[in-house]
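Accompanying notes for the structure given below.
Since the model is a prediction, treat every value here as computed from it, not as a measurement. Proteins get letters first, then strands, A, B, ... in listed order; numbering begins at 1 in each.
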Number of protein chains: 2
Amino acid sequence: MPTLTAAQQRAAARAEYDAFLAACPSRQVLARISDKWVTLILVALAGGPLRYSDLGRIITGVSQKMLTQTLRTLERDGLVSRAVTASVPVRVDYQLTPLGDSLMPAVNAVKAWAEEHISEIETSRAAYDQQASATIDR
Amino acid sequence: MPTLTAAQQRAAARAEYDAFLAACPSRQVLARISDKWVTLILVALAGGPLRYSDLGRIITGVSQKMLTQTLRTLERDGLVSRAVTASVPVRVDYQLTPLGDSLMPAVNAVKAWAEEHISEIETSRAAYDQQASATIDR
DNA sequence: CAGCATCCGGATGGATACTG
DNA sequence: CAGTATCCATCCGGATGCTG
C-alpha cells in the first residue's frame with residue numbers, strides 16, 4: 001500500500017501547479033484583464049474619471065455586485081483609484097491610475113489585432129462549423 | 001399592469017447587451033486568449049509544432065477534456081492547425097497557423113507589461129490588504 | 001447615491017471510464 | 001496514442017432586499 005494514492009498524488013501535483021500558475025505574472029494579468037467586466041471598465045475610464053452610477057449606466061447590463069466587485073479588485077491591483085466626496089448625497093469617482101493608464105497600450109494592441117483579424121476568425125469558424133455539420137449529415 | 005415587468009425589461013436589456021458584447025471583436029478575442037489554458041498552449045506552440053501528448057505533458061495539470069476542448073476552439077478560430085498522421089499508433093501534431101502567429105506579438109505585449117509591472121501590482125495589493133485588516137482590527 | 005449581504009441557478013471544469 | 005462520453009463538485013454571477 002503506497003503512502004499516497006494516485007488521486008492524492010495528482011491532487012498534490014495540481015496544487016503545486018496551481019501555485020506555479022498563481023506566481024506567473026502574465027497569467028495573473030491576463031486573468032485580470034480578461035475578466036468579463038474589467039476591459040469595459042478600463043475602456044470606459046480611459047476617457048476620464050467617472051462616477052459609480054455613470055459606470056453602471058454606460059456599462060449596460062452589469063449588476064451592482066459585479067460592478068462593485070470588479071472596481072474593488074482593480075483598486076486593489078492599483079489600476080484604478082477611488083475618490084469619495086463626503087457630500088450629501090455621497091459622490092464617488094473612479095479613474096485610472098498611472099499604472100492603469102500604462103496598461104492601456106497593451107490592451108489596445110490586443111484590441112487592434114482583434115479588429116484587424118476578426119473577419120478571418122469568423123471565416124474560419126464558419127468553415128469549421130460547415131465542415132462539422134456536413135460530416136454529421138452524411 | 002405594464003406589458004413588461006421590470007425584471008422582464010432588465011432581462012431584455014441584458015439579452016440585447018449580451019448580443020452587443022458577443023459581436024464585439026475585442027471582447028471575443030480577449031475572452032479567447034484569456035482562457036485559462038489558451039495562453040499556455042499558444043506559448044507552448046510558439047516554439048514549434050507539438051504532439052497532443054507532448055502538450056499534455058508540458059502543460060502540467062491540464063485534463064484531456066480541457067486540452068482537447070481548448071485545442072478545438074483554437075482550431076475553429078483558425079489560430080492552430082491539426083495534422084493527423086495515419087500511422088499505428090496515430091500521431092497528431094498541432095502548430096500555430098500564420099494567424100495564430102500574428103497574435104503572439106499582442107500576447108507578448110501584455111506579457112511584457114505584466115512582467116514589468118507585476119511588482120507594482122503586488123505592492124498595491126499588499127498595501128490594500130494591510131489597510132483592510134487594520135480597519136477590521138480597530 | 002453608493003454600496004453590502006444573502007440566496008440560488010446555470011455554467012465551468014475536473015475525475016473517471018471507455019473507444020478507434 | 002488520441003481522443004470521447006458521462007457524472008458531478010465548485011464557483012461565478014444575477015436577483016433581491018437592506019443600509020449609511
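- With rounding to the nearest 0.5 angstrom, the CZ atom of A/R32 is 8.0 Å from the CD1 atom of B/I121.
- Look at CG on B/L50: it is 15 Å from C1' on D/dC1, rounded to the nearest Å.
- When the side-chain nitrogen and oxygen atoms of A/Y94 are compared with OP1 and OP2 of C/dG3, one or more of them lie within a distance under 4.0 Å.
- Hydrophobic cluster membership is shared by B/L74 and B/V84, with clusters built from Ile, Leu, Val, Met, Phe, Trp and Tyr side chains linked at under 4.5 angstrom.
- The phosphate of C/dG13 (OP1 or OP2) has no side-chain N or O of B/S63 nearer than 4.0 angstrom.
- Taking 4.0 angstrom as the limit, B/R72 places a side-chain polar atom (N or O) nearer than this to OP1 or OP2 of D/dG3.
- Taking for each of B/D54 and B/K65 the nucleotide of DNA chain D with the nearest heavy atom, the 5'-most of the two is the partner of B/D54.
- D/dC1 atom P lies 16 Å from atom CG of B/L71, rounded to whole Å.
- Look at B/T68 and you won't find any side-chain N or O under 4.0 angstrom from OP1 or OP2 of D/dG3.
- Of the inter-residue distances, the one linking A/L45 atom CG with A/D101 atom CG reads 10.5 Å to the nearest 0.5 angstrom.
- Screening B/R51, B/E75, B/R82 for a side-chain hydrogen bond (donor to acceptor under 3.5 Å, both in side chains) with B/Y94, the sole residue that qualifies is B/R82.
- Atom-to-atom, CD of A/Q69 to C1' of C/dC4 comes out at 12 Å; the value is rounded to the nearest Å.
- Applying the side chain to side chain donor-acceptor pair (under 3.5 Å) criterion to B/D129, with sequence neighbours excluded, gives A/R76.
- Taking side-chain N and O atoms only, B/R51 has a distance below 4.0 Å to OP1 or OP2 of D/dA2.
- In the helix from C/dC1-D/dG20 to C/dG20-D/dC1, the terminal helix axes, each the rotation mapping four pairs' C1' atoms onto the next four within five end pairs, subtend 50°, rounded to 10°.
- For A/T123 (side chain) and A/S119 (main-chain N/O), a donor-acceptor pair under 3.5 Å exists by modelled atom type.
- At least one side-chain nitrogen or oxygen of B/R82 sits closer than 4.0 Å to the OP1 or OP2 atom of D/dG3.
- Here C/dG3 presents its C1' atom at 14 Å from CE of A/M66, a figure rounded to the nearest Å.
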